[in-house]
Amino acid sequence: MASTITPKLLENLLSSFRYELACGGDTHTAGSSASLARTDLDRELEVIQRTPDSVAAHELARQIRSRLNQFSLLHRLPTELISTIFHFVVESDTLEGWPAKHAVRISSVSRLWREIATETCATLWTRLDPLPSRLLDLFLSRSGTAPLAIAYEGSYSRNMLPYIHRWGICRVQLYTSEEPPLQELSVPAPQLEVLRFDVGPRESISYLNLFCGVTPRLREIYIDFSHIPMSCPIFRGLTGLHLYCIAYREPNPIDQLLGILELCPLMKSISFTCLVFPTLPIAPMPGPLITLRYLQNLDLEEGRGQSRQWARTHFLPRIIVPNSCTLDIGASVRWGDDLRHLLPQRSDFLPNLSDIQPVRVLDVSCWGERSSCVRGKTFVSDRVAFVLSLERFGEPDGNDDRNAFPRTISSIGRALPLPLLEEVALSQSRPCDSDPTSALKSFFRIYPSLRIVRLRGHWPWSSILDLFVVTPTRQLCPLLQDLWLAPDEPLDGKVLLEVVKSRTAPEVDSPHLCGVAPLQHVYFDPNHERPSSSVRAALRTYVTASFKAF
């Protein structure tokens, strides 16, 4: 469906063409003879423009201008290169209707562009978003036999049915009974590669026979709200499966879902959002492990009610993914829950999803009183390895409080073994009901490998900063080199200075500093509360103290 020329190849073609120009090369004519021909044509055009106005004179002038255009730089570009540029222009704009508009505009610029666009660029005319009938016929004729990208919706749908054998990308959106019945889609679609299926409530009797199950090139499926039975033959050989807000009524639904993955050994992307399994057993069922050796993204978002924790208890322990896979889990949890309610037990979980262990950067954020997010990254291209999101629901009882963030912090060490963790960023958008200092103290003790600590937002800053003061009985974060601060209220300069002095005093005078790396930098976010100039001056006698965005 897309252009076969990659950006790298395009750059190589351009470089080659620049070299030819520098050497005086010409793809159509040769040096001096081309110069003479152009001079002659310019002279003839000047003479014609002085003659009395007539149809013959206009036609002759048009022909001369057409010949002159052949000497322009654009006409010297290889046709393949111009074609590739056309494809980049059309494919760069995905808004509905715009690819078609770009194709029409390109073909209207000049005779050369029209010849290239209509004779050698069939795929420019395959984006058949709902178009007027006159344009639809034009695009169909110019697209040749190339696979089509169509929208099966409204009155436009029946115009597309005769070409179902050419569908390459299909978006099915049906919401009313007046629209075409799904039975009309019980026809083979041998070129279908991507299917987006969003159908309003209706019977699923025809879903099993969707495309007669004949979709040998189908690789990506996106389904919203629609219950297509998992035994449907279209769920084979996929590289991407994205399911959203679907209630599955089959028996043993998780086993059937895993069965789909077993039929898709080249799977690269999975997204399961708010799936409902009314018949889900309480205890996890034993079964074989499914290896997804090519998986790059695994996105799971649980809902509430009966299907809560289906991913942790029934799905994650049954799959094995490569270290390069990014895990993204979101869940609605009760007030007493923490990260351990998102993840399986370590013994079951880590062998299957081992990429958590090499994480070196951790970002923990809390928005308001109900939501928190934990994001882990590696140092390899700053790649995100996992994202865990919690949104608490329901009201806490009289003995509980609204402290989502401290609870998340306390659970990280128990749920996530991160032996290589070097950098952590902790952000809290509003104050907690209780002091989170104890939770942070335990967190810093569990991860002694930290070299960079970033704190932002609302904290009991004096007690939090006091944790970093090195004493004979307390050496938290012994390898700390950079401390980033972005407070929403003024800092206590004395406490901050005590932190810096305790970590930079000569080792000979402070035996308890043995094994504690000297602090090197203190950064303040310029968009948050700033320490006074006198405090900054005092800090600079020990470390580098400057402003830098968080």
Side-chain angles (χ1 to χ4, degrees), residues 1 126 128-130 140 145-267 269-279:
M1 297 292 294
T126 58
L128 305 184
D129 291 322
L140 286 171
T145 60
L148 304 173
I150 69 102
Y152 188 78
E153 58 183 15
S155 59
Y156 175 79
S157 303
R158 285 195 168 90
N159 294 330
M160 292 291 96
L161 284 173
Y163 305 95
I164 196 170
H165 62 285
R166 289 181 54 196
W167 291 4
I169 299 175
C170 175
R171 185 179 74 248
V172 179
Q173 288 184 310
L174 305 177
Y175 296 108
T176 68
S177 58
E178 298 177 357
E179 294 179 292
L182 287 171
Q183 283 84 348
E184 295 188 355
L185 296 183
S186 300
V187 180
Q191 297 197 61
L192 188 63
E193 298 178 10
V194 180
L195 173 64
R196 298 180 180 272
F197 201 87
D198 183 2
V199 178
R202 58 171 66 194
E203 293 297 325
S204 60
I205 54 174
S206 63
Y207 286 7
L208 268 176
N209 201 35
L210 199 61
F211 303 114
C212 287
V214 182
T215 54
R217 299 181 62 180
L218 185 58
R219 294 297 175 262
E220 295 183 58
I221 293 181
Y222 301 79
I223 303 178
D224 295 353
F225 304 106
S226 308
H227 175 220
I228 299 180
M230 289 184 279
S231 56
C232 183
I234 66 172
F235 296 111
R236 294 173 180 266
L238 302 176
T239 60
L241 179 59
H242 310 270
L243 308 175
Y244 176 75
C245 287
I246 304 172
Y248 286 101
R249 298 182 288 273
E250 296 99 323
N252 303 321
I254 296 295
D255 285 342
Q256 293 203 40
L257 197 59
L258 290 166
I260 289 177
L261 302 185
E262 198 169 15
L263 295 174
C264 305
L266 302 180
M267 186 71 73
S269 178
I270 294 175
S271 175
F272 297 156
T273 303
C274 297
L275 303 185
V276 178
F277 304 103
T279 61

| task | Kindly say whether Pro251 contributes a backbone atom to a donor-acceptor pair with the side chain of Gln256 at under 3.5 angstrom? | result | yes
Taking the side chain as every heavy atom from C-beta outward, state whether [X] and [Y] have any pair of such atoms under 4.5 Å apart.
X: Val172; Y: Glu153; answer: no
X: Glu220; Y: Leu195; answer: no
X: Val276; Y: Ile246; answer: no
X: Ile221; Y: Phe197; answer: no
X: Tyr163; Y: Ile150; answer: no
X: Leu261; Y: Ile270; answer: yes

| Would you call the rings of His227 and Tyr248 parallel, tilted or perpendicular, where under 30° means parallel and over 60° means perpendicular? | perpendicular
Might you point out which heavy atoms bring [X] and [Y] nearest each other, and give the distance in Å?
X: Leu185; Y: Leu161; value: CD2-CD2, 4.2 Å
X: His242; Y: Ser269; value: CE1-OG, 3.2 Å
X: Glu262; Y: Pro265; value: O-CD, 4.3 Å
X: Val199; Y: Ser226; value: N-OG, 3.0 Å
X: Pro147; Y: Gln191; value: CG-OE1, 3.0 Å
X: Pro253; Y: Glu250; value: CD-O, 3.5 Å

To the nearest 0.5 Å, what is the distance between [atom1] on [X] and [atom2] on [Y]?
X: Phe235; Y: Leu243; atom1: CZ; atom2: CG; answer: 6.5 Å
X: Met160; Y: Cys170; atom1: CE; atom2: SG; answer: 10.5 Å
X: Ile164; Y: Cys212; atom1: CD1; atom2: SG; answer: 8.5 Å
X: Asp198; Y: Ile223; atom1: CG; atom2: CD1; answer: 10.5 Å
X: Leu148; Y: Leu128; atom1: CG; atom2: CG; answer: 5.0 Å
X: Leu241; Y: Ser271; atom1: CG; atom2: OG; answer: 8.5 Å

| note | For Asn252, the side chain to side chain contact (heavy atoms under 4.5 Å, CB included) test, sequence neighbours excluded, returns Asp255
| said: Run the side chain to side chain contact (heavy atoms under 4.5 Å, CB included) test against Leu266 and tell me which residues pass, sequence neighbours left out. | reply: Thr239, Tyr294
| field | Tyr244 ring center near Phe225 ring center (under 6.0 Å) | value | yes
| said: Is there a salt bridge (Lys or Arg N to Asp or Glu O under 4.0 Å) between Arg217 and Glu193? Walk through the geometry before answering. | reply: CA-CA 5 Å; Arg217 299 181 62 180; Glu193 298 178 10; 3.0 Å; yes
| note | Sorted by chain and residue number, the side chain to side chain donor-acceptor pair (under 3.5 Å) partners of Arg196 (sequence neighbours excluded) come out as none
